[in-house]
Amino acid sequence: MRLAVILLLLVFASCGSKDRGPIVRQSTVMETFVNIAVYDNAIPPERINTVIDSVFWEMSRIEGIMTDYSDTSQVGRINTTAGRDTIPVCDELAYLIGRSLEYSLKSDGRFDISIGPLVKGWDFLSSDPRVPTPIQIRTMRRLVDYRKVNIKGNRIWLASRAMRIDLGAIAKGFAVDRSLAILARNGISRALVDLGGNLGVVWDGKRPFESDIVEILIRHPRKPGKFFGSFRMGGGGVSTSGDYQRYFVHDGIRYHHILDPTTGYPAKDVVSVTIIADDATTADALSTMVFVLGKKKGMDYILSHDGVEGMIVWEEDGQLRYELSPGLINRFVRSND
Ligand code: AMP
Ligand code: MG
C-alpha cells in the first residue's frame with residue numbers, strides 16, 4: 001500500500017486491489033480545512049462515518065473553547081476580563097496553556113501565546129492588511145509577556161488589561177491529537193487527520209520512523225502547486241510553519257503571520273520549518289517555536305530533543321537552502337522543482 005500526504009493538501013494514492021480504499025471526509029474547522037482518511041477495511045463504512053462525525057464534533061468543541069474570535073469562549077473570557085478577573089477553565093485548556101508556557105520558558109519567550117495584541121495589530125486575515133507604525137508595534141510588543149499569564153490549577157488570569165492570548169500556534173495540533181484519540185478509542189488503527197496542515201497519523205501503533213507507510217509531500221514554499229520534497233513515516237505528528245501560509249507583500253517586503261515577540265515584526269531568519277514528533281501538539285508548537293528561534297537555535301533545539309526531527313528551509317542569495325536533522329537525512333528526498 002502506498003499513501004501520499006501533502007501537508008496543507010491531502011491526497012491519497014491507490015491502495016492494494018483487495019482494499020476498498022480509504023474513507024475520506026472533508027470539512028472546515030478553526031478557520032481552515034480538515035481532511036480525515038480512515039484506512040480500516042475491517043470496520044463497516046457506516047460505522048467509520050459515524051466515528052468521523054464525532055471527530056468533526058470534537059474539533060468544533062475544542063474550537064468553541066479555544067477560539068479568541070469569540071468573547072464567550074473560555075479563551076475569549078480570559079481575554080475580555082484581562083487584568084481584572086480570574087477565569088476557571090476546563091482541564092484541556094489549563095493543560096494547553098500550561099504546555100504553552102513551558103515552550104515559552106524553553107525558547108526564552110520566542111514562543112508566546114500572549115502574542116494576541118500583535119496578531120490583532122497585524123491582522124493578517126483582513127482583506128487589506130497594513131504594516132503597523134513603529135509606535136504601534138512598540139506599544140503592542142510591550143503587552144506580550146508570557147510571565148504575566150498566570151495559571152494556578154484550573155484558574156487563569158492575565159496580569160494587565162490589554163493582554164490577550166492566542167492559541168493559534170498550538171490548538172490545531174491539540175485538536176488533531178484529540179481526534180486521533182477518538183479514532184483509536186473506536187478501534188480504528190489506521191487513519192490520517194490533517195487540520196490546516198497539522199497532520200496526525202495513527203498506523204498500527206507505529207512511531208514516526210518505525211515504518212514507511214505514509215509519504216509526506218512538503219509544499220514548495222515559493223512555487224504554489226509544487227513540492228519541495230518528501231519523506232516516508234509511520235504514525236505521529238507532522239507540522240509545517242511557513243512564511244507563505246498567511247502573508248502580504250508591501251513595498252516588496254513579505255510580512256507573514258509568525259511573529260517574533262522580541263521585535264514585534266514577523267520572524268526573519270527562515271522560510272519554513274517542518275517538525276515530526278510523536279504527537280501533533282508537539283509538532284505544531286515546535287514548528288512555530290523553531291521558526292521564531294531561527295536556523296541555528298532552532299536546529300540546536302531539534303538536535304537536543306529525542307523524538308523530534310525536522311527540516312528548516314531558509315533563503316540565501318535568492319536560493320532556498322535547507323537543513324535536516326539526522327533522523328531525516330536518509331529519508332528526505334528533494335523534488336526537482
Ligand atoms: P503556526 O501556523 O502553527 O506556526 O501558528 C501561527 C499562529 O500562531 C499565528 O497565526 C498566530 O496566531 C500565532 N503566533 C504567531 N507568532 C507566535 C509566537 N511567536 N508564539 C506563539 N504563537 C504565535
Ligand atoms: Mg504551530
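A quick note: this is a predicted structure, and the numbers were derived from the prediction, not measured. Every number for a ligand or one of its atoms is a count from 1 in the order of the listing. Start at 1 with the first residue, then count along the sequence.
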Electrostatic pair [X]-[Y], nearest N-O below 4.0 angstrom:
{"X": "Arg110", "Y": "Asp108", "result": "no"}
{"X": "Asp243", "Y": "Arg254", "result": "yes"}
{"X": "Lys295", "Y": "Glu316", "result": "no"}
{"X": "Lys172", "Y": "Asp284", "result": "no"}

Test: Arg331 cationic atom under 6.0 Å from Phe209 six-membered ring centre, within 45° of axis: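 Relative to the ring axis of Phe209, which defines the angle, Arg331 lies inside both limits.
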Arg219 NZ/CZ over Phe227 ring centroid, <6.0 Å and within 45° of normal: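 Checked: cation-pi criterion not met.
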Residue portion contacting ligand 1 (non-hydrogen atoms closer than 4.0 Å) for Val292: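 Contact part for Val292 vs ligand 1: side chain (C-beta onward).
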Region of Lys172 that comes within reach of ligand 1 [heavy atoms, distance under 4.0 Å]: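 It is neither part, as no heavy atom is under 4.0 Å.
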Closer than 4.0 Å to some heavy atom of [X] - which atoms of ligand 1 meet that?
{"X": "Ser241", "result": "1 (P), 3 (O), 4 (O)"}
{"X": "Asp166", "result": "12 (O)"}
{"X": "Phe111", "result": "20 (N)"}
{"X": "Asp284", "result": "3 (O)"}
{"X": "Thr288", "result": "1 (P), 3 (O), 4 (O), 5 (O)"}

Thr288 backbone or side-chain N/O/S under 2.8 Å from the Mg ion (ligand 2):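 Thr288 does place an N, O or S atom closer than 2.8 Å to the Mg ion (ligand 2).
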Looking only at protein heavy atoms, which one is nearest to [atom], and what is the separation?
{"atom": "atom 16 (N) of ligand 1", "result": "Leu259 N, 3.1 Å"}
{"atom": "atom 22 (N) of ligand 1", "result": "Ala169 CB, 3.4 Å"}
{"atom": "atom 23 (C) of ligand 1", "result": "Ile115 CG2, 3.8 Å"}
{"atom": "atom 11 (C) of ligand 1", "result": "Val119 CG2, 3.8 Å"}
{"atom": "atom 20 (N) of ligand 1", "result": "Asp112 N, 2.9 Å"}
{"atom": "atom 2 (O) of ligand 1", "result": "His257 CE1, 3.5 Å"}

contact_flag Pro261 ligand 1 heavy-atom lt 4.0 Å: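 Yes.
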Rounded to 10 degrees, the angle O of Ala169 makes with OD1 of Asp284 at the Mg ion (ligand 2):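 With the Mg ion (ligand 2) as the vertex, the angle is close to 70°.
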Side chain to side chain, Thr282 and Asp177, heavy atoms closer than 4.5 Å: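 No, too far: nothing below the 4.5 Å cut-off.
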Residues, nucleotides or ligands: over 12 heavy atoms within 6.0 Å of Arg207 CZ: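 12 or below, so no.
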Step-by-step side-chain contact (heavy atoms from CB on, under 4.5 Å) determination, Trp122 to His257: CA-CA 8 Å; Trp122 279 93; His257 69 140; over 6 Å; no
Asn79 side-chain N/O to Ile165 backbone N/O, donor-acceptor pair under 3.5 Å: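 Side chain of Asn79 to backbone of Ile165: a pair is present.
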